[in-house]
Protein chains: 2
Amino acid sequence: MIIATWNINSVRLRLPLLRQLIQQHRPDVICLQETKVVDELFPVDELQKEGYAHQFFSGMKSYNGVAILSREKLSDTGVHHWCGQRDCRHIAATLRNGLRLHNIYVPAGGYEPDVKKNPKFLHKLNFVEEQEKFWAKQKNKKSMIVGDLNIAPLEHDVWSHAQMKNVVSHTADEILRFTAWQKSAGMVDVMRALIPPAEKLYTWWSYRAPDWEKANRGRRLDHVWMSDDSAGMATRVHVLRDYRAAAQPSDHVPVLLEIE
Amino acid sequence: MIIATWNINSVRLRLPLLRQLIQQHRPDVICLQETKVVDELFPVDELQKEGYAHQFFSGMKSYNGVAILSREKLSDTGVHHWCGQRDCRHIAATLRNGLRLHNIYVPAGGYEPDVKKNPKFLHKLNFVEEQEKFWAKQKNKKSMIVGDLNIAPLEHDVWSHAQMKNVVSHTADEILRFTAWQKSAGMVDVMRALIPPAEKLYTWWSYRAPDWEKANRGRRLDHVWMSDDSAGMATRVHVLRDYRAAAQPSDHVPVLLEIE
DNA sequence: GCCTCCTGGG
DNA sequence: CCCAGGAGGC
């Protein structure tokens with residue numbers, strides 16, 4: 001079984017590339033972030049034609065938006081709200097095999113890593129803290145979290161640990177809360193369980209760098225976590241770096257997880 | 001020798017289609033309207049590579065803008081201003097063969113054909129009237145006017161003479177002034193000299209009609225006029241209707257004039 | 001409907 | 001640099 005997660009940066013604009021992903025890898029489940037479309041305009045028919053009869057999504061105009069597409073039935077679908085907002089960043093569903101799947105898009109956090117000056121950064125930290133509290137109260141059996149968590153926790157999750165330490169996504173504050181969340185949820189970082197932490201690993205490259213491929217100043221912002229009791233099911237992870245080089249790419253690439 | 005005129009509706013966005021025009025027809029001179037770009041951002045280098053070493057243009061941000069591209073030298077280049085505005089609607093240059101070429105973009109005139117209610121319509125009529133007076137004072141030897149004149153003067157310049165008679169571009173007021181201008185300039189309507197006036201002939205189809213090709217509700221808004229003493233040089237005119245069916249088309253198509 | 005710029009987000 | 005939406009023009 002293959003589960004994909006991808007910050008697609010507009011599902012409507014990226015439909016051709018999404019079709020390519022489907023044809024090349026035939027994922028059983030696809031989790032999307034930043035769909036940037038209200039539910040009425042989500043391309044339901046187009047994706048049903050591609051084999052995803054079961055779709056659950058929560059979107060809004062212009063910003064955010066998450067979706068779960070599945071070849072098999074989804075149950076107990078639900079939307080989570082955070083920080084008193086309804087900004088379409090977190091949905092969940094249970095797969096046929098009983099796995100509880102959470103698809104999350106953490107706020108990016110703006111430019112300045114200062115909660116006093118930058119309300120977006122405050123929002124990001126609060127969001128992660130609320131997650132930590134929520135997951136601490138749950139029994140997280142056979143569950144997983146995927147999505148754009150907008151934090152690169154490890155040294156080799158960024159192109160330069162030293163040059164990134166005051167850059168939003170890799171600050172000590174964020175990493176501290178991120179790790180606390182992961183621990184409270186009892187989750188394993190499956191990507192790093194399958195790919196050695198000493199290896200550079202990125203899922204995102206800025207649009208702004210003209211020679212992103214050569215410079216390779218990437219970050220691992222997209223994640224796959226599995227509960228302790230299910231992490232053993234994961235056999236392989238694929239980061240589809242090529243999708244960053246496609247025509248009209250997203251700035252994130254799809255991450256594929258094979259589970260047995 | 002081939003002279004092309006085309007309301008390109010953004011020269012930057014339409015560069016691929018402009019290249020196609022160049023490769024298919026190799027015009028010696030190209031007159032563009034609605035380039036929609038300030039002079040600093042005009043794609044000079046790209047068009048030099050296509051063989052147009054001599055370029056003269058006058059553009060502004062967002063609106064209007066005219067350009068003359070030529071394989072051979074242009075002389076006596078000049079910008080004309082009308083109605084007390086500097087809105088980049090008229091430039092002129094002299095070709096190597098001595099022909100004086102005017103490239104004009106007449107205001108569209110808005111929706112309501114009423115000078116009291118609609119200042120854009122007033123502007124259009126004033127613009128044409130100023131042209132009439134200007135050309136009456138000139139000796140117009142070996143000269144031509146091309147461009148988007150935004151008026152379809154003849155019955156078969158529109159899809160329905162009856163249904164268009166109160167629509168801006170085909171009102172009696174506009175046609176009266178248009179014809180007076182043409183006469184004052186001593187100019188021949190070369191397109192209609194070469195294509196019988198009884199034949200429907202359009203250079204523009206609205207973007208808004210979804211089935212423009214089938215409905216075929218076009219208008220002849222783009223024109224080629226030559227002074228009495230030079231009109232005999234014109235041998236053929238081509239209206240490149242196919243360009244309306246291209247990907248990312250302009251709403252106007254190129255008009256090509258062959259002269260000997 | 002399509003183009004422009006602008007804003008706001010990344 | 002890319003994406004969405006809104007306004008104004010055609």
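Note that the coordinates shown come from a computational prediction; the quantities given were computed from them, not determined experimentally. Residue numbering restarts at 1 for every chain, and letters A, B, ... go by the order of the sequence lines.
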Has the side chain of Arg89(A) got a donor or acceptor atom that lies under 3.5 Å from a matching backbone atom of Tyr105(A)?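 Yes.
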Of all of residues 166-178 of chain A, which get a heavy atom below 4.0 angstrom from DNA chain C, listed by number?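 Contacts with DNA chain C under 4.0 Å: none.
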Close N or O pairs between protein and nucleotides 7-10 of chain D (under 3.5 Å):
| residue | atom | partner | partner atom | Å |
| --- | --- | --- | --- | --- |
| dC10(D) | N3 | Arg208(B) | NH2 | 2.8 |
| dC10(D) | N4 | Arg208(B) | NH2 | 3.0 |

Could you work out, with ring pair (Phe, Tyr, Trp, His ring centres under 6.0 Å) as the rule, every residue matching Phe134(B), not counting sequence neighbours?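 Only His80(B), Trp82(B) meet the ring pair (Phe, Tyr, Trp, His ring centres under 6.0 Å) criterion with Phe134(B).
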For Trp204(A), give me all partners under side-chain hydrogen bond (donor to acceptor under 3.5 Å, both in side chains), at least two apart in sequence or on another chain.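 For Trp204(A) the side-chain hydrogen bond (donor to acceptor under 3.5 Å, both in side chains) partners, ignoring immediate neighbours, are Asp251(A).
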Please list, chain by chain and in numerical order, all residues satisfying side-chain hydrogen bond (donor to acceptor under 3.5 Å, both in side chains) with His161(A), sequence neighbours excluded.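 Per chain and number, His161(A) pairs via side-chain hydrogen bond (donor to acceptor under 3.5 Å, both in side chains) with His170(A).
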Reading DNA chain C from 5' to 3', where do the contacts with chain A start and stop? Cut-off is 4.0 Å to heavy atoms.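 Nucleotide range in contact with chain A: dG9(C) to dG10(C).
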Could you tell me which residues satisfy side chain to side chain contact (heavy atoms under 4.5 Å, CB included) with [X], sequence neighbours excluded, listed by chain and number?
{"X": "Asn166(A)", "answer": "none"}
{"X": "Lys117(B)", "answer": "Glu112(B), Asp114(B)"}
{"X": "Val44(A)", "answer": "Phe42(A), Gln48(A), Gln55(A), Phe57(A)"}

In whole angstrom, what separates Arg14(A)'s CZ from dC2(D)'s P?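 The answer, rounded to whole Å, is 10 Å.
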Atom CG of Leu13(A) to atom P of dC1(D): distance rounded to whole Å?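 Atom-to-atom, Leu13(A) to dC1(D), this comes out as 18 Å.
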So, is Arg12(A) close to the dG5(D) phosphate, meaning a side-chain N or O under 4.0 Å from OP1 or OP2?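 It does, given that an N or O in the side chain of Arg12(A) lies less than 4.0 Å from OP1 or OP2 of dG5(D).
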Per-pair distances, 0.1 Å, donor-acceptor, side chain in residues 15-25 of chain B, under 3.5 Å, sequence neighbours excluded:
| residue | atom | partner | partner atom | Å |
| --- | --- | --- | --- | --- |
| Arg19(B) | NE | Glu50(B) | OE2 | 3.1 |
| Gln24(B) | OE1 | Tyr243(B) | OH | 2.7 |

Partners meeting salt bridge (Lys or Arg N to Asp or Glu O under 4.0 Å) with Arg192(A) (sequence neighbours left out):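 Partners of Arg192(A) under the salt bridge (Lys or Arg N to Asp or Glu O under 4.0 Å) test: Asp157(A).
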Under the salt bridge (Lys or Arg N to Asp or Glu O under 4.0 Å) test, residues paired with Arg219(B) that sit two or more places apart: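 With sequence neighbours excluded, Arg219(B) shows a salt bridge (Lys or Arg N to Asp or Glu O under 4.0 Å) to no residue whatsoever.
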